[in-house]
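Have a look at the structure below before the remarks.
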2 protein chains.
Amino acid sequence: METYSIGDLSRATGVKATTIRFYEAEGLLPTASRTAGGHRVYDLAHLDRLGFIRHARQLGFGMEDIRELLRLADAAPEAPCEGADAIARRHLAAVRERLARLRSLEAELERMTYCHNGRVAECRVIEVLTDAAHGHCADPTHGGPDR
Amino acid sequence: METYSIGDLSRATGVKATTIRFYEAEGLLPTASRTAGGHRVYDLAHLDRLGFIRHARQLGFGMEDIRELLRLADAAPEAPCEGADAIARRHLAAVRERLARLRSLEAELERMTYCHNGRVAECRVIEVLTDAAHGHCADPTHGGPDR
DNA sequence: TATGGGACTTCCAGTGACTGGAGGTTCAAG
DNA sequence: CTTGAACCTCCAGTCACTGGAAGTCCCATA
């Protein structure tokens with residue numbers, strides 16, 4: 001059976017070796033077997049699972065969600081998959097919320113960057129920020145937790 | 001002159017007392033004077049500055065950017081404000097990048113949540129994630145650093 | 001078989017922007 | 001004067017890694 005070092009796995013998936021070790025410590029990847037000297041040894045199953053994790057992360061799922069998705073993926077194929085669906089829907093809703101906030105941020109930032117080569121006295125950027133102290137901000141949409 | 005406790009400031013701005021202390025420790029807010037017993041005492045200038053910081057945070061500026069914006073806001077009114085403009089433009093560009101990534105995430109999440117009440121064997125969510133291990137993901141847009 | 005150097009190991013601290021808790025002190029109303 | 005809410009400091013935890021230090025292993029070449 002073909003085996004891989006942590007470096008092979010890293011090059012194959014684009015996930016750094018430190019991050020792979022981190023995933024193992026967090027229980028997302030099963031513990032690898034070791035050489036006599038203590039180096040980690042992986043196989044195809046690890047490669048697939050790491051790909052799964054990487055893609056889920058790219059889609060913005062948190063580690064708790066990924067843990068759950070992995071549990072579901074490992075479950076019997078006839079098991080119902082409402083769980084996975086629910087996680088994805090919940091995440092989609094969160095993404096849409098962030099989109100809405102970001103769009104409103106974009107609009108306000110566009111408005112404030114009309115200041116060109118002015119002086120601080122007439123700077124829109126400083127002005128908008130300063131006036132906020134007195135509650136002149138029209139759009140409260142971007143008030144939630146960001147990023 | 002009217003003075004405020006940290007609680008007054010917190011209620012007035014919606015910023016938690018712990019966060020206000022944190023801003024002081026980070027140098028965003030000037031150190032408050034104290035009562036004989038050691039409680040912080042604020043004035044209007046603090047209130048304004050905290051409003052400035054809060055709004056900048058809501059707009060997604062990082063603390064380093066805010067430090068710079070505060071420096072600029074405190075500068076002589078005749079000083080040029082290219083700096084503030086540059087920060088805002090840079091941030092706008094970052095926001096637009098995040099928007100693009102989020103839109104592509106939204107699209108892929110939409111595609112994968114078509115799975116309703118199926119079984120794991122035919123679950124789109126699990127499937128999409130699993131296949132990613134073999135590189136079948138069409139859209140690489142959401143590969144960058146997210147959130 | 002020896003050696004050199006790149007890949008690997010563990011452990012720990014740092015990131016950003018807070019948040020929460022423990023354990024103790026101060027303030028202001030009654 | 002008493003009570004209890006608000007305040008104080010210090011420290012650890014959050015999330016998903018990342019980087020460094022100090023040491024060990026593996027393997028290709030000589």
Side-chain angles (χ1 to χ4, degrees), chain A residues 3-29 31-42 46 50 52-70 91 94 98 101 142-147, chain B residues 3-29 31-42 46 50 52-70 91 94 98 101 142-147:
Chain A
T3 61
Y4 311 91
S5 72
I6 198 170
D8 295 335
L9 222 62
S10 175
R11 274 181 296 280
T13 60
V15 178
K16 293 189 181 172
T18 41
T19 306
I20 295 174
R21 283 190 280 265
F22 171 73
Y23 285 158
E24 181 181 321
E26 294 297 308
L28 294 191
L29 272 179
T31 55
S33 48
R34 304 287 184 126
T35 66
H39 287 204
R40 286 171 179 81
V41 178
Y42 298 98
H46 290 99
L50 186 52
F52 185 107
I53 295 168
R54 190 183 91 110
H55 196 205
R57 281 296 301 134
Q58 284 174 347
L59 287 173
F61 289 98
M63 303 213 343
E64 215 36 68
D65 283 346
I66 294 177
R67 237 182 284 275
E68 179 71 8
L69 287 169
L70 283 169
H91 185 52
R98 281 207 279 151
R101 269 205 309 281
H142 47 267
D146 189 41
R147 297 164 167 267
Chain B
T3 62
Y4 311 90
S5 71
I6 198 169
D8 294 337
L9 223 59
S10 177
R11 274 181 295 280
T13 61
V15 177
K16 293 188 181 172
T18 42
T19 305
I20 295 174
R21 284 190 281 263
F22 171 73
Y23 286 158
E24 181 181 321
E26 293 299 305
L28 294 191
L29 272 179
T31 53
S33 47
R34 304 283 185 129
T35 63
H39 286 202
R40 286 172 180 80
V41 178
Y42 298 98
H46 290 99
L50 187 53
F52 186 106
I53 295 168
R54 190 183 91 112
H55 197 204
R57 281 297 300 135
Q58 284 173 345
L59 287 172
F61 288 99
M63 303 210 347
E64 213 35 68
D65 283 345
I66 294 177
R67 239 183 283 275
E68 179 70 7
L69 287 169
L70 284 168
H91 184 54
R98 280 207 280 149
R101 268 205 310 281
H142 48 265
D146 186 44
R147 296 163 169 267

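To find a chain, count down the sequence lines: A is the first, B the second, and so on, and within it residues start at 1.
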Would you mind reading off the distance between [X] atom [atom1] and [N] atom [atom2], rounded to a whole angstrom?
{"X": "B/Ile66", "N": "C/dA17", "atom1": "CD1", "atom2": "P", "answer": "7 Å"}
{"X": "A/Gln58", "N": "D/dC17", "atom1": "CD", "atom2": "C1'", "answer": "15 Å"}
{"X": "A/Leu29", "N": "D/dC17", "atom1": "CG", "atom2": "P", "answer": "12 Å"}
{"X": "A/Lys16", "N": "C/dC8", "atom1": "NZ", "atom2": "P", "answer": "15 Å"}
{"X": "A/Met63", "N": "D/dC17", "atom1": "CE", "atom2": "P", "answer": "7 Å"}
{"X": "B/Ile20", "N": "C/dA17", "atom1": "CD1", "atom2": "P", "answer": "18 Å"}
{"X": "A/Ile53", "N": "D/dC15", "atom1": "CD1", "atom2": "P", "answer": "17 Å"}
{"X": "B/Tyr4", "N": "C/dA28", "atom1": "OH", "atom2": "P", "answer": "16 Å"}

Where do A/Leu70 and A/Phe52 come nearest, in terms of heavy atoms and distance?
CD2-CD2, 3.5 Å

What pairs with A/Thr35 under side chain to side chain contact (heavy atoms under 4.5 Å, CB included), at least two apart in sequence or on another chain?
A/His39, A/Val41

Among C/dT19, C/dA17, D/dA16, which nucleotide has an atom closest to any side-chain atom of A/Phe22?
D/dA16

Base versus backbone protein contacts along nucleotides 7-12 of chain D [heavy-atom cut-off under 4.0 Å; B, S, -]
SSB---

Taking side chain as C-beta onward, heavy atoms only, is B/Arg57 less than 4.5 Å from B/Arg54?
no

Working to the nearest 0.5 angstrom, can you tell me the gap between B/Leu29 CG and B/Ile53 CD1?
4.0 Å

If the cut-off is 4.0 Å, is B/Tyr23 near the phosphate of C/dA17, judged by side-chain N/O to OP1 or OP2?
no

Think B/Thr35 has a side-chain N or O under 4.0 angstrom from the OP1 or OP2 of C/dT26?
no

side-chain hydrogen bond (donor to acceptor under 3.5 Å, both in side chains): which pairs involve residues 4-14 of chain B, sequence neighbours left out?
B/Ser5-B/Asp8, B/Asp8-B/Arg11

All N/O donor-acceptor pairs, side-chain side in residues 14-28 of chain B, below 3.5 Å, sequence neighbours left out:
{"from": "B/Glu24", "atom 1": "OE1", "to": "B/Arg40", "atom 2": "NE", "distance (Å)": "2.9"}

Ignoring hydrogens and geometry, is there a side-chain-to-backbone donor-acceptor pair from A/His91 to A/Asp65 under 3.5 Å?
no

